[in-house]
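Below is one structure, written out as structure tokens; comments come after it.
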2 protein chains.
Amino acid sequence: MDKENVTIYDVAREAGVSMATVSRVVNGNSNVKQATKEKVLAVIKDLDYRPNAVARGLASKKTTTVGVIIPDVTDEFFSELARGIDDVASMYHYNIILANSDESGSKELQVLENLLAKQVDGVVFMGNVIDEELRAEFRHSHAPIVLAGSVDEQNQQPSVNIDYIEATKDAVKKLVANGHKQIAFVSGNLDQSINKNYRLKGYKEALAEAGLEYNEALVFATDYFYGSGYRIAADVKNSIATAAYVGDDELAAGLLNGLTDDGVSVPNDFEIITSNNTKLTQVTRPQLTSITQPMYDMGAIAMRMLTKLMNKEELDEPTVVLPYGIIERQTTK
Amino acid sequence: MDKENVTIYDVAREAGVSMATVSRVVNGNSNVKQATKEKVLAVIKDLDYRPNAVARGLASKKTTTVGVIIPDVTDEFFSELARGIDDVASMYHYNIILANSDESGSKELQVLENLLAKQVDGVVFMGNVIDEELRAEFRHSHAPIVLAGSVDEQNQQPSVNIDYIEATKDAVKKLVANGHKQIAFVSGNLDQSINKNYRLKGYKEALAEAGLEYNEALVFATDYFYGSGYRIAADVKNSIATAAYVGDDELAAGLLNGLTDDGVSVPNDFEIITSNNTKLTQVTRPQLTSITQPMYDMGAIAMRMLTKLMNKEELDEPTVVLPYGIIERQTTK
DNA sequence: CTGAAAGCGCTAACAT
DNA sequence: ATGTTAGCGCTTTCAG
């Protein structure tokens, strides 16, 4: 029942040509007479020949697959990026091996080694803490690696991002402009440099420019879950804050609902501005005012850059910084 | 600069043994003297040898990667499934090639052929319309294929699901029990058999059992976007419906908000029950009452089944039907 | 317990 | 325009 797989050799024999010729027509090499080409094509169809990509990969040293390391596919922010990546990947005839890392350094490292062992032609990495070990693996890698929606303080890898410092700063300034003096900073873990060295930095800069003092009691760091935001609402309510900048939409949704359920009226009693403009921001009531960033495009562009790198082309700009915006909805006045 | 890749041959030479022996220690074959094993391991570490998975795949005819066809990673329902799949895949040392299909028959087919060409050891398929061409490819496939969260009317493939007919029926019956006589059925495209032959069927059965007449004017079929739900709200409001069963959470969230913004008070004036219990259901205000289904587990179990199949083991049960539930939140009384 | 050797199915010079 | 011939880096009999 398991009929033998038909190989390039079979079609060569059947078509009365050499393997090389078959290989040529399969790969669209123009150096083949029209007549032979047709004959070969006919045999291919007849035998239902399907080239073995693994063999091809071994011989050509190209697998036409790229690795994608993602914190969590279930996270709206990253899944949007992943979609952008996959769309342009498939446009260029690449497949993606997707691996969840949970932003765990050890998993990221192990997964990366795994991908490299599988001879991926390149990888796009998403994750916000790049330790020395990982960095070493990046350097060691034969395949190009680009970062998407992920900051690298040392800026050694090609990457595509928005300016997180400025974006956060703008968001906080908006709150300042609305008259707030006590603004909470709510984010994920401060071990992640995107939170500590980018968002928090932008937050501080905005305060400084407004002549407001930085107060650690207004910094709430947790994780990225809705429930965490909901739970932290009580603490925020009990603080002296009258508004909050939030680094993640699920967190913001949780905070908003927690506050609302606790009798706080947003935006009348409290204003909120969040960061990613995912679908969630339109679902909550009131709808969340948010920084906007082009997640899909970030993924798409990162992948496009990767195709160039894999093709040994020069990058015009190794670090692309995309524009962000702020969309005012109903959690700010 | 591009230092030559170190191959199994290099370590064999360096360790003074044959390639076969190196291969044995790399693969944990017990037939190696402890001393030789240690020597080889030392050389491997020394040379930083990394086995080439592509070569391995060609020689062994196993790639330890499985294909995953998903309608859209960005869809919460499917991304949860994907996470379950990836987690058990990595537990069994498989990687997944993830491909978005947008439920387009032609893309699904093309992607499947592609995956098969890459010699994946198996595939898990998510998608709700399986046409004859695709089915033929399934049959033709050398690699086992299991369906996850996707119905197959002909039930030819191993699959894991919940009982969509019963679940929908229960949901609608709940609405009936709450006194409703005019219940709207809101879903994605009726071309998808999950909507037409499962959900709608369950809906009709519930009506029939309640002695209620089926009324086509109460059937609203659109797609799976929040905006579509929001837009359709007006039509629903203008219909004679006093409650709705909705086949998708984004759609339900849209409907809910559309209705609310239009002055309809849920659940007082109108009740809603949705289907997937994704994160969204807790974010909306009022929170959505929903059918619950174990998305993550469905993915995990599907992948677990696949590992058995790839291992030539028998499946106890080719069609696993997981339990569902209904969680009452605030869009029903 | 270890080695020799034959592939796995294809690409890529190099000839012709 | 087409064929010959080496590999690609590893696994896997088969011997010993």
Side-chain angles (χ1 to χ4, degrees), chain A residues 2-41 43-44 47-65 114 116-121 142-143, chain B residues 2-41 43-44 47-65 114 116-121 142-143:
Chain A
D2 237 5
K3 50 177 177 263
E4 288 302 305
N5 257 322
V6 1
T7 73
I8 198 173
Y9 183 77
D10 298 321
V11 355
R13 181 172 26 72
E14 210 64 25
V17 299
S18 72
M19 292 166 51
T21 298
V22 177
S23 177
R24 286 190 187 97
V25 350
V26 167
N27 292 296
N29 186 314
S30 54
N31 286 51
V32 183
K33 201 179 8 173
Q34 185 61 22
T36 7
K37 182 172 172 180
E38 281 164 13
K39 185 173 52 179
V40 170
L41 252 16
V43 174
I44 285 178
L47 267 42
D48 192 25
Y49 165 68
R50 324 262 188 118
N52 179 323
V54 173
R56 211 200 285 237
L58 184 58
S60 68
K61 296 178 168 309
K62 284 187 194 332
T63 54
T64 62
T65 110
N114 211 233
L116 262 17
K118 291 212 170 160
Q119 313 301 119
V120 294
D121 295 335
H142 203 264
Chain B
D2 237 5
K3 50 177 177 261
E4 288 301 305
N5 257 322
V6 1
T7 73
I8 198 173
Y9 184 78
D10 298 322
V11 355
R13 181 173 24 71
E14 211 64 27
V17 298
S18 71
M19 293 166 51
T21 297
V22 177
S23 177
R24 287 190 187 98
V25 350
V26 167
N27 292 295
N29 185 314
S30 54
N31 287 50
V32 184
K33 203 178 9 173
Q34 184 62 21
T36 2
K37 183 173 173 180
E38 281 164 15
K39 185 173 51 180
V40 171
L41 252 16
V43 175
I44 285 179
L47 266 43
D48 192 26
Y49 166 66
R50 324 261 190 117
N52 179 322
V54 173
R56 211 201 285 239
L58 183 57
S60 70
K61 296 178 167 308
K62 284 188 194 331
T63 54
T64 63
T65 111
N114 212 233
L116 263 15
K118 292 213 169 160
Q119 312 300 120
V120 294
D121 296 334
H142 204 266

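To find a chain, count down the sequence lines: A is the first, B the second, and so on, and within it residues start at 1.
One can place CE of A:M19 at 12 Å from P of C:dA12, the figure rounded to the nearest angstrom. The CD-C1' distance, from A:Q119 to D:dC10, rounds to 11 Å in whole Å. B:R24 places its CZ atom 17 Å from the C1' atom of D:dG9, with the value rounded to the nearest Å. The nearest whole Å value for the distance from the CG atom in B:L47 to the P atom in D:dG9 is 14 Å. Whole-Å rounding puts the A:K118 NZ to D:dC10 C1' distance at 15 Å. Protein atom OH of A:Y9 is 17 Å distant from nucleotide atom C1' of C:dT11, rounded to whole Å. Put simply, CD on A:E38 is 14 Å from P on D:dA1, counting in whole angstrom units. In this structure, A:N29 atom CG and C:dA12 atom P are separated by 10 Å, rounded to whole Å.
Residue B:T36 places none of its side-chain N or O atoms closer than 4.0 Å to OP1 or OP2 of C:dC1. Note on B:S23: a side-chain N or O is less than 4.0 Å away from OP1 or OP2 of D:dT11. In this model, the phosphate group of C:dT11 is approached by a side-chain N or O of A:N27 to a distance below 4.0 Å at OP1 or OP2.
Distances from the side chain of A:Y49 to the nucleotides C:dA13, C:dC10, C:dT2 place C:dC10 closest.
Other residues, nucleotides and ligands place no more than 12 heavy atoms under 6.0 Å from the NZ atom of A:K37.
Counting any heavy atom pair closer than 4.0 Å across all strands shown, B:N52 reaches sugar-phosphate atoms only and no base atom. Among the protein residues, A:V26 comes within range of no part of the nucleic acid, since none of its heavy atoms lies under 4.0 Å from any strand.
No option in A:D10, A:N5, A:V26, A:V40 other than A:V26 meets the side chain to side chain contact (heavy atoms under 4.5 Å, CB included) test with A:Y49. A:K118 pairs with exactly one of B:T65, B:N52, B:T63, B:T64 by the side chain to side chain donor-acceptor pair (under 3.5 Å) rule, that one being B:T64.
Here the side chains of B:V6 and B:D48 are not in contact, with every heavy-atom distance at 4.5 Å or above. For the pair A:T21 and A:R24, the minimum side-chain heavy-atom distance is below 4.5 Å.
Comparing B:S18 and A:T7 along DNA chain C, the residue whose closest nucleotide (by nearest heavy atom) sits nearer the 5' end is B:S18.
For the segment residues 54-63 of chain B, residues with any heavy atom less than 4.0 angstrom from an atom of DNA chain C are, sorted by number, B:L58, B:A59, B:K61.
Panel note: side chain A:S60, backbone A:R56; a donor-acceptor pair is recorded below 3.5 Å.
Taking CG of A:N29 as the reference point, atom CG of A:N27 lies at 8.0 Å (rounded to 0.5 Å).
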